[in-house]
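See structure below.
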There are 2 protein chains.
Amino acid sequence: MGNNFESIRALMQHYIEIDDVEWELCKAMFTVKHIKKKEIVLSEGEICRDIYFVVKGLLRIYFVDQNDDEKTFHFSVENTFATDYRSFLREIPGDFYIQALEDTTVLVVTFEMLQLLYANLRNGEKLGRLIAEDYFIVFNDKIKGIYTQTPLQRYNSMNATFPRILMRVPQHYIASYLNISPVHLSRLKYGIDEL
Amino acid sequence: MGNNFESIRALMQHYIEIDDVEWELCKAMFTVKHIKKKEIVLSEGEICRDIYFVVKGLLRIYFVDQNDDEKTFHFSVENTFATDYRSFLREIPGDFYIQALEDTTVLVVTFEMLQLLYANLRNGEKLGRLIAEDYFIVFNDKIKGIYTQTPLQRYNSMNATFPRILMRVPQHYIASYLNISPVHLSRLKYGIDEL
DNA sequence: AAATAACAATAACAAATGTTAACATTTCAA
DNA sequence: TTGAAATGTTAACATTTGTTATTGTTATTT
């Protein structure tokens with residue numbers, strides 16, 4: 001269904017001009033994939049060969065630490081990308097998992113297809129640069145938030161970062177994203193400390 | 001002195017081919033600047049219009065939090081860049097300071113000059129994309145370290161991330177980079193807790 | 001050289017956060 | 001539909017980390 005492509009076309013055109021000829025090229029580079037809730041599409045140790053663009057649904061990027069605890073690194077909501085960036089860009093085994101938290105529809109771009117886009121769109125490289133810069137700022141702000149905000153402040157701003165996330169995913173995933181224990185998050189929410 | 005440019009030429013050529021004609025163009029885009037120890041070259045509230053490439057010396061990127069505490073966000077050592085990325089890319093007032101921790105020599109590239117480089121080098125946009133991707137991975141790894149490593153582990157790996165940093169800067173700057181108090185860092189180093 | 005400021009270590013105490021366990025509720029699967 | 005698994009809250013206790021203050025040392029400035 002062509003409709004899946006409308007959102008990524010809009011996103012790309014936010015960065016560069018794309019004419020109809022180029023757009024036909026683009027469409028050929030994407031594959032539609034449906035991911036069932038709880039399905040894992042990338043595991044630790046694999047080379048991540050794809051970028052996922054979330055059309056509908058929700059992906060969770062996480063890794064497993066030394067104590068076998070899952071740490072949620074990022075949520076990828078509608079109209080955003082998901083990949084193991086280090087693994088994808090360097091073509092080396094990664095240490096992230098990517099899992100669907102809802103039934104999810106994504107557009108898949110492989111590393112090879114992406115290089116074709118960079119090379120064959122008039123402003124392909126510029127598109128890549130601008131998207132990389134935007135995600136760079138996302139990470140920049142995330143780090144800054146870790147330095148300046150309390151866990152509760154970060155909890156309260158999560159809905160702004162990830163639309164409706166607090167109503168969409170189990171709370172312990174939120175806690176792991178905040179890098180605090182589920183028990184502690186529950187306490188913070190209800191202000192049980194203030195006695 | 002032309003020698004200041006050798007390191008950035010090597011860095012750029014690590015990403016793309018640059019012929020002699022292009023290199024003359026590049027050189028014209030850089031300005032050499034000497035920064036005295038403790039001098040602040042960017043302050044909160046200013047629009048950051050430059051990227052600094054550190055030829056020699058050491059810069060500290062930090063911000064001031066709600067409690068007026070300085071938080072060290074990043075150290076820029078030789079052969080790396082320093083800027084307030086959000087402010088620079090978006091051309092909006094930023095909230096970072098950039099300060100020299102040693103007498104430092106940098107090459108300055110303004111936003112305008114950088115756009116000229118992107119537009120006029122054969123692979124200018126690609127250069128921008130690849131550098132953005134590399135710094136993206138730097139931030140990616142920094143966030144991952146915050147999730148997975150204890151403050152002491154992060155302290156012990158700082159010399160790998162920033163050459164000789166532990167011998168170059170006062171310890172309380174290291175503590176603020178690790179997002180812990182100077183007192184706590186001192187305790188961790190000497191293992192005073194284990195009693 | 002003397003005065004001052006910056007820095008690091010330590011101690012004592014306070015606050016934040018983690019861990020384990022118990023329990024109740026909801027979701028999911030056979 | 002029923003039992004099992006997942007989830008969220010709360011309590012008790014342990015650990016980590018922060019705060020304040022004191023002290024001695026090292027740098028910096030005059």
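In this text the structure is predicted, and so the values were computed from the model without any measurement. Reminder, nothing fancy here: chain letters follow the sequence lines and each chain counts from 1.
OP1 or OP2 of C/dT10 has not a single side-chain nitrogen or oxygen of B/Y190 nearer than 4.0 Å. Phosphate contact (OP1/OP2 of D/dG8, side-chain N/O of A/K189, threshold under 4.0 Å): absent.
Within 6.0 Å of CD in B/E17 there are 12 or fewer heavy atoms belonging to other residues, nucleotides or ligands. Within 6.0 Å of NZ in A/K142 there are more than 12 heavy atoms belonging to other residues, nucleotides or ligands. More than 12 heavy-atom neighbours from other residues, nucleotides or ligands sit within 6.0 angstrom of CD on A/E24.
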Legend entry - Derivation and outcome, side-chain hydrogen bond (donor to acceptor under 3.5 Å, both in side chains), residues B/D134 and B/Y15: CA-CA 10 Å; B/D134 272 7; B/Y15 292 107; 2.5 Å; yes
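Listed nucleotides C/dG18, C/dA9, D/dT9 differ in distance to A/R187; the shortest reach to its side chain belongs to C/dG18. The side chain of B/V183 has D/dA21 as its nearest neighbour among D/dA21, D/dA11, C/dT17. Closest to the B/P151 side chain, of the nucleotides D/dA11, D/dA12, D/dT17, is D/dT17. Considering only the side chain of B/S186, C/dA9 comes nearest among D/dT19, C/dA9, D/dT10.
Distance alone, capped at 3.5 Å, places no donor-acceptor pair between the A/Q149 side chain and the A/I146 backbone. Listed for the B/S157 side chain is a donor-acceptor partner under 3.5 Å among the backbone atoms of B/Q153. Counting only distance, with no hydrogens or angles, the side chain of A/N159 and the backbone of A/L166 share a donor-acceptor pair below 3.5 Å.
One axis for each end of the helix from C/dA1-D/dT30 to C/dA30-D/dT1, each built from five base pairs, and the angle between them comes to 60° at 10° resolution.
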Expected list for residues 98-105 of chain A: side-chain donor-acceptor pairs under 3.5 angstrom, two or more places apart:
unit_1 : atom_1 : unit_2 : atom_2 : d
A/Q99  : OE1    : A/R60  : NE     : 3.2
A/Q99  : OE1    : A/R60  : NH2    : 3.1
A/E102 : OE1    : A/R168 : NH2    : 3.0
A/E102 : OE2    : A/R168 : NE     : 2.9
A/D103 : OD1    : A/K37  : N      : 2.8
A/T104 : OG1    : A/L58  : N      : 3.1
A/T104 : OG1    : A/L58  : O      : 3.4
A/T104 : OG1    : A/E102 : O      : 2.7
A/T105 : OG1    : A/H34  : ND1    : 3.2

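In this structure, CD of A/Q149 is placed 17 Å from C1' of C/dA16, rounded to the nearest angstrom. Summarising the geometry, the separation between CG on A/L185 and P on C/dA16 is reported as 16 Å, rounded to the nearest angstrom. Put simply, CG on A/L101 is 13 Å from P on C/dC28, counting in whole angstrom units. Rounded to an integer number of Å, the gap from B/I180 CD1 to C/dA16 P is 18 Å. Per the geometry, CD1 belonging to B/I174 stands 17 Å off C1' belonging to C/dA9, to the nearest Å. A straight line from NE2 of B/H184 to C1' of C/dC7 spans 19 Å, rounded to a whole angstrom. Look at CG on B/D103: it is 11 Å from P on D/dT28, rounded to the nearest Å. The distance between atom CG of A/D69 and atom P of C/dT20, rounded to the nearest whole Å, is 10 Å.
No salt bridge links B/E125 with B/R129; every basic N to acidic carboxylate O contact stays at or beyond 4.0 Å.
A residue-by-residue look at B/K38 and B/N67 shows that B/N67 has its nearest nucleotide of DNA chain D further toward the 5' end.
Less than 4.0 Å separates DNA chain D from at least one heavy atom of each of the following residues of residues 159-173 of chain A: A/P170, A/Q171, A/H172.
Because its NZ or CZ atom is both nearer than 6.0 Å to the ring centre of A/F63 and within 45° of the ring axis, B/K144 counts as a cation-pi partner of that residue.
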